[in-house]
Every structure is written in structure tokens, then in C-alpha cells.
There are 2 protein chains.
Amino acid sequence: MNCLLKMRAMREQLSVNERKLADFILDNTQLLRDYSSSQLADAVGVSQSSVVKFSQKLGYRGYPSLKLAVYESYAGASIANDEDQSRHLGQANSPLSTLGQKKLEVLENTVNINESEQLAAAVQAIRSARCIQVSACPGSVSVARYLTHQLLELGCWAVFDEGGQLQHKIADSLSDDDLLCILCDFGGEESLVEVANRAHEHGVKVLSLTRYNYNAASIHSDIRLYVVPSEDDEALQRLLFRSAQLHVIEGLISGVLEGNG
Amino acid sequence: MNCLLKMRAMREQLSVNERKLADFILDNTQLLRDYSSSQLADAVGVSQSSVVKFSQKLGYRGYPSLKLAVYESYAGASIANDEDQSRHLGQANSPLSTLGQKKLEVLENTVNINESEQLAAAVQAIRSARCIQVSACPGSVSVARYLTHQLLELGCWAVFDEGGQLQHKIADSLSDDDLLCILCDFGGEESLVEVANRAHEHGVKVLSLTRYNYNAASIHSDIRLYVVPSEDDEALQRLLFRSAQLHVIEGLISGVLEGNG
DNA sequence: AAATTATTGAATAATTTATTCGTAATTCGT
DNA sequence: ACGAATTACGAATAAATTATTCAATAATTT
């Protein structure tokens, strides 16, 4: 749960002042060390109370907690950047090398953003589910298929409605022993949200794997997993996004395997 | 000017209460994180003002400064201990961590084994193909679907025969402007080999992505890409194998994207 | 032993942080 | 496009935390 990452990921979702704060902190992380809430407020040009509210919106108890978290993730980041980077998946001049770096970055971010309790809960949910329905927005269909396949291979009862017309019907037939997995990228898809909502209200356990932000689909979820998008051009971003989704899924599957083995 | 060191060094010259404080902090460094001055005072059994004075005696402006300094030197120490081990994609104890290391290893091997000319050729072949047929052995079906999806999204004419019964028919209709992509794991599948063979003989370009070894399918290929399997138990190995296949595929797609962009 | 100095905590002042509440801006539904 | 509802924002203020003062006591020096 890296604080700076979280800030960057949420940036788009923030209001004007909140974004000002986020940008300032991202740009002047080291300054925060000796700023009080009102000093920060002055530096950014907002009120002290906005600073506190911003801290709380990000999930901290208040400004001091945010400060510490920022400090933590700043220290953490500078370590990760220092060494290793660059030798790992980023060899010479092959199509795999260019991708390697970026992919590594996205995967690292994705690993960081997901809380291990949520992951553990997801593994547990998969293991104990009677039936699993997979639903996905168009951009994540291929990932959904992959997930469904893996689940079937694990011996889970999993269905994925390719076309999407039957999603509601299937969802309605789920009970509280069952699991609904929602995969989506930018999280809006109305029909998906409705499926999640209805299922959730009926007591079905809902697991979502979405872009990290305030997300319509994840609201109706019991277990929330996230992907942090990269900042490349659209096509590459989509590719990396799926790659990160796949990574999380692989993690879940291997988690289930571990428990079984 | 490491704060914890300083504390230890000064220990002998401190008064009774100050020493109590120093000892407590040295023993319970991580607790300090969420202690206020009075909580610390209570925990140690001294007054709140003693805590502040202790902070100042050590050279800090007050308690918050001490706290930060302690945190700094604690974080510094734990970093120094960790050193490279374990933090990469393998953070703490999440399902993603166990996988992270192994996955990274497999991907690295896979990146290393593939010659960049072959990769470049593959990208070129995809880019210039009129139609692309994807064929896969059962273990790689989900990867094949993923590839097909990506190709379609790129605007390539791609087909994948889910059931596999039509593979021959489709293959027979390919011409030498076309590309056949063979995905398989252990490379034996007779029907696949035959498809590859026949297509190859008809002048169709054949691209194979297989396990690295002497491989019946790759013999009949123009472009040969490989995956190096891991040495885990079967289920995990399969998972990692597919993950590596996906990585190569992502590399190809991003290669094609780069050329277009 | 008396004087000086250092240590300590209760009380309190100062500062920092968090909340409340009224207004302004934005979003949503029609 | 309009009004209703939600959300964002900051001034005022409450709450909490931190720092200082001061008086009492303990330690040290002479």
C-alpha cells in the first residue's frame, strides 16, 4: 500500500485542491519532512483543513499519518530505484527488452498496491466457492477467459459468459456459497456494475480486479484487488494493464495451488 | 548522525528516567511509530514532559523530530539488513510474493533464450501477414486465445479454432502471405505437428513458441521462439510456462505496436 | 551540612491537528 | 437547460498534542 503510488493512481479522481496537494507532494516529497499541515497548506495555497481532509480521503487518520506514510514510501522507493533496476528483464535491443522495464514497473506497482489480506481473502474465496462466475468489461475479456480457464483447470466450477447477455441470468442464480469475479479496466461499465450490485445484495461474494481508483465496480465488492495503470500511450497501456491483471490472477491461482499442494 | 546509535552511545551519561526512555526506544523501536509523547511516557512510566526534554537533550526540536529521526535510522537499518534479497516482486507474505521470484526467474530465462533476430522476424512476420492462424496444444489453449484477441485488436486477421477439428482445413487455405502460429508446451502433439508440417510445405510462414528443446513442432517452423520451463511441481510449472508464453506474446505485440506508433 | 545544580512532574501555555458548519461549486436527474 | 442533491472548500473553533514554566526533590559540590 504505497502511499505515493496511491496518490498518483488516484490523481484523476481527485478534486482541484486535492490534486494540487497530490502534485505538490509528488514533486516535493522530501520537503514534507518538516512541514506541518498549515505550512503545507500555505505552500500549496489551500486551507489547513483541506490538507487534513486530503489525508483522510487517502485513508489515513490525519496529517501526521499521511506524512509518515509518504516518508515511508519515499524511503522505500529510493531504495528500489537505486540498485537493481535495469539489469533485470531489460536486456539488449530485443522487443522483449523495451517491454521488460515497463512491465516490471507495472507489476511492481501492482504488487505494492494490493494488500496481502485482500489477496489472501481472494484465494480463500476461490477455494471455498461452489460456483464462480467471471464477468468482464470488453477490455478485459481476454483476461477473463484466461482466468476462467485456469479456474476450470484447478477444478473450480467456473463460467464466463462471452457475449455478456447472460450475465444477469447467471448472476441471479448464484447463492451465497458462490463467487462473482469482476474484471474491468476503467471501472465504469454500467451493466457490470449492476451485475455486481445485484449479486452483492443477494449475498453472493464479489471479488473485483480493477484499475486502482474510486471505482463503481469495486464499491459493490467484498474483496478488492487493483492494478496500477502505466502512463504510456493507450495501446501499450492496455497491454500492460492486462499483463498486470494476469499477474494478479497468476498470483491467486498459485495461491490456491499452494494451499492444495 | 544516527539517532539510535546516538542514544546507545549516550546511555551512560543519562539520568534514570532518560535511560528508561532510551532503553525502551531501543528495544521497541517499531512501536514508536504510532506513539504520541504521552503514550510513550505512559508506556515507560515517566511524565510527558520528560519525554519532550529527553528529545531536546538529544538535540531535537521536540518529540516529533525525535520520532522522525528514530524512524529514519530504524528504516535505514532494516534496509541495510535486507540488501538485495526478497524485495523485488517478492515483498512480504502475499500470494504474489512467492510467485514473484519464480516468475521473474522464468521470464528472465525466457528473455535470454530467445535471439533478438528471431523476435524481430516474428514481429515482422505478424506485421506483414495477411491472415494469421493460431494453433495450440491443449495446455496452451488459453494463451492462444489471448494471442488471438491481441492480434484482432491490432487489426490483424487472426483465427483460432477452439475445438481443433478445423485446424487442417483452415491451414490448407493459407497461402504464402499468411502466418501460422503454433503454441505448444511439450511439443509433441501429433496433429499440431502435422498442421505445421503441411502448412510449411505449402510455403506458409510458420512461427512456433514452444518449450525449449528438440521439438517436433519447431522443426517445421521458420521462426522459433522458446520458453524455458521452471522446475516446480506440475501445476505451478504449467502456470509459469503460460506466463512466460504470455510474456513473449506481449513482447511481440508491443513490438508491432512500436513499429506502428 | 549548606549551597549549588540537575532531575522530575504537575500545571499550563503554545502549537498543531481535527471537526463543524455555512457557502460556493459541481454533479446528477429530469 | 434547470433545479435538487451532492460534494468541495475554508473560516472558525474544538480537540489533541507538544512545549514550557515552575516548584519540589534529589544529587553533587564545596
Side-chain angles (χ1 to χ4, degrees), chain A residues 3 6-7 10-25 31-72 186-194 197 213-220, chain B residues 3 6-7 10-25 31-72:
Chain A
C3 169
K6 192 195 279 187
M7 237 178 259
M10 289 184 79
R11 209 189 101 86
E12 302 306 320
Q13 247 54 46
L14 299 173
S15 70
V16 185
N17 279 8
E18 289 166 346
R19 190 173 304 173
K20 276 197 232 168
L21 281 164
D23 288 346
F24 182 90
I25 294 173
L31 281 183
L32 216 68
R33 212 200 103 109
D34 342 79
Y35 271 19
S36 70
S37 63
S38 21
Q39 281 176 298
L40 175 60
D42 286 352
V44 177
V46 302
S47 72
Q48 182 259 339
S49 72
S50 291
V51 172
V52 174
K53 278 169 203 159
F54 174 70
S55 307
Q56 292 169 337
K57 184 160 189 172
L58 283 165
Y60 302 98
R61 247 207 351 231
Y63 176 69
S65 313
L66 170 79
K67 193 162 153 177
L68 201 63
V70 165
Y71 192 75
E72 246 166 355
F186 290 60
E189 272 275 311
E190 208 169 310
S191 62
L192 257 190
V193 175
E194 205 197 310
N197 186 19
N213 60 6
Y214 179 81
N215 186 301
S218 68
I219 292 173
H220 304 291
Chain B
C3 169
K6 190 196 280 183
M7 234 179 263
M10 290 183 77
R11 205 183 108 77
E12 299 310 319
Q13 300 154 51
L14 298 174
S15 71
V16 185
N17 278 9
E18 288 166 347
R19 191 172 303 172
K20 276 199 235 169
L21 281 164
D23 288 346
F24 181 90
I25 293 173
L31 280 184
L32 217 67
R33 213 199 102 111
D34 342 78
Y35 270 20
S36 70
S37 63
S38 22
Q39 281 176 298
L40 175 59
D42 285 353
V44 177
V46 302
S47 71
Q48 181 259 340
S49 72
S50 291
V51 172
V52 174
K53 278 168 201 158
F54 174 70
S55 306
Q56 292 168 338
K57 186 159 188 173
L58 282 165
Y60 302 99
R61 252 211 344 239
Y63 175 69
S65 312
L66 170 78
K67 191 162 154 176
L68 199 62
V70 165
Y71 191 75
E72 244 165 357

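Each chain gets a letter, A, B and so on, in the order the sequences are listed, and its residues count up from 1. None of these values were measured; they are calculated from a predicted model. For the numbers below, each heavy atom of this structure counts, side chains included, while hydrogens, waters and symmetry mates do not.
In this model, a donor atom of one side chain and an acceptor atom of the other lie less than 3.5 Å apart for B/E72 and A/Y71.
Taking only distance into account, the side chain of A/Q48 meets the base of C/dA18 through a donor-acceptor pair shorter than 3.5 Å.
Note on A/V51: nothing from the nucleic acid sits closer than 4.0 angstrom, heavy atoms only. At a threshold of 4.0 angstrom between heavy atoms, the contacts of A/K57 are confined to the sugar-phosphate backbone, with no base atom among them.
Atom CZ of B/F54 and atom P of C/dA6 are 18 Å apart (whole Å). The nearest whole Å value for the distance from the CG atom in A/D34 to the P atom in C/dT15 is 18 Å. Look at OH on A/Y60: it is 21 Å from C1' on C/dT19, rounded to the nearest Å. When the C1' atom of C/dT16 is taken as reference, atom OH of A/Y35 falls 17 Å away, rounded to whole Å. A/R19 has its CZ atom 16 Å from the C1' atom of D/dC9, to the nearest Å. A/K20 places its NZ atom 12 Å from the C1' atom of D/dG10, with the value rounded to the nearest Å. Straight-line distance from the CG atom of A/L66 to the C1' atom of C/dA18: 14 Å, rounded to whole Å.
Set against C/dT8, C/dG9, D/dC9, the side chain of B/V46 has C/dG9 as its closest nucleotide. With C/dA18, C/dG9, D/dG10 as the choices, the nucleotide that has an atom nearest any side-chain atom of A/Y63 turns out to be C/dA18. If you check D/dT18, C/dA10, C/dT20 against the side chain of A/K53, the one that comes closest is C/dT20. Of the listed nucleotides (C/dA18, D/dT20, D/dA11), D/dA11 has the atom at the smallest distance from the side chain of A/S49.
In this model, the phosphate group of D/dT20 is approached by a side-chain N or O of B/Q56 to a distance below 4.0 Å at OP1 or OP2. One finds a side-chain N or O of A/N17 lying less than 4.0 angstrom from the OP1 or OP2 phosphate oxygen of D/dC9. When the side-chain nitrogen and oxygen atoms of A/S47 are compared with OP1 and OP2 of D/dC9, none of them lie within a distance under 4.0 Å. Distances shorter than 4.0 Å separate some side-chain N or O of B/S37 from OP1 or OP2 on D/dT18.
Scanning all heavy atoms of the two residues, the minimum distance from A/I25 to A/F54 falls at CD1-CE2, 3.9 Å. Between B/Y63 and B/Y35, the closest heavy-atom pair is OH-O, 2.7 Å. The two atoms that bring A/L66 and A/M7 nearest to each other are CD1-CE, 4.0 Å, heavy atoms only. Taking both residues in full, the closest heavy atoms of A/S50 and A/L21 are given as O-CD1, 4.0 Å, listed atom of the first, atom of the second, then distance.
Interatomic distance, CD of A/Q48 versus CD of A/Q39, reported as 11.5 Å (0.5 Å rounding). In this structure, CG on B/L68 lies 4.5 Å from CZ on A/R33, to the nearest 0.5 angstrom.
Helical stems in DNA chain D, defined as runs of 3 or more consecutive Watson-Crick or G-U wobble pairs with donor-acceptor distances under 3.5 Å: C:1-30 with D:1-30.
Side chain of A/S38 to backbone of A/A41: no donor-acceptor contact under 3.5 angstrom is found.
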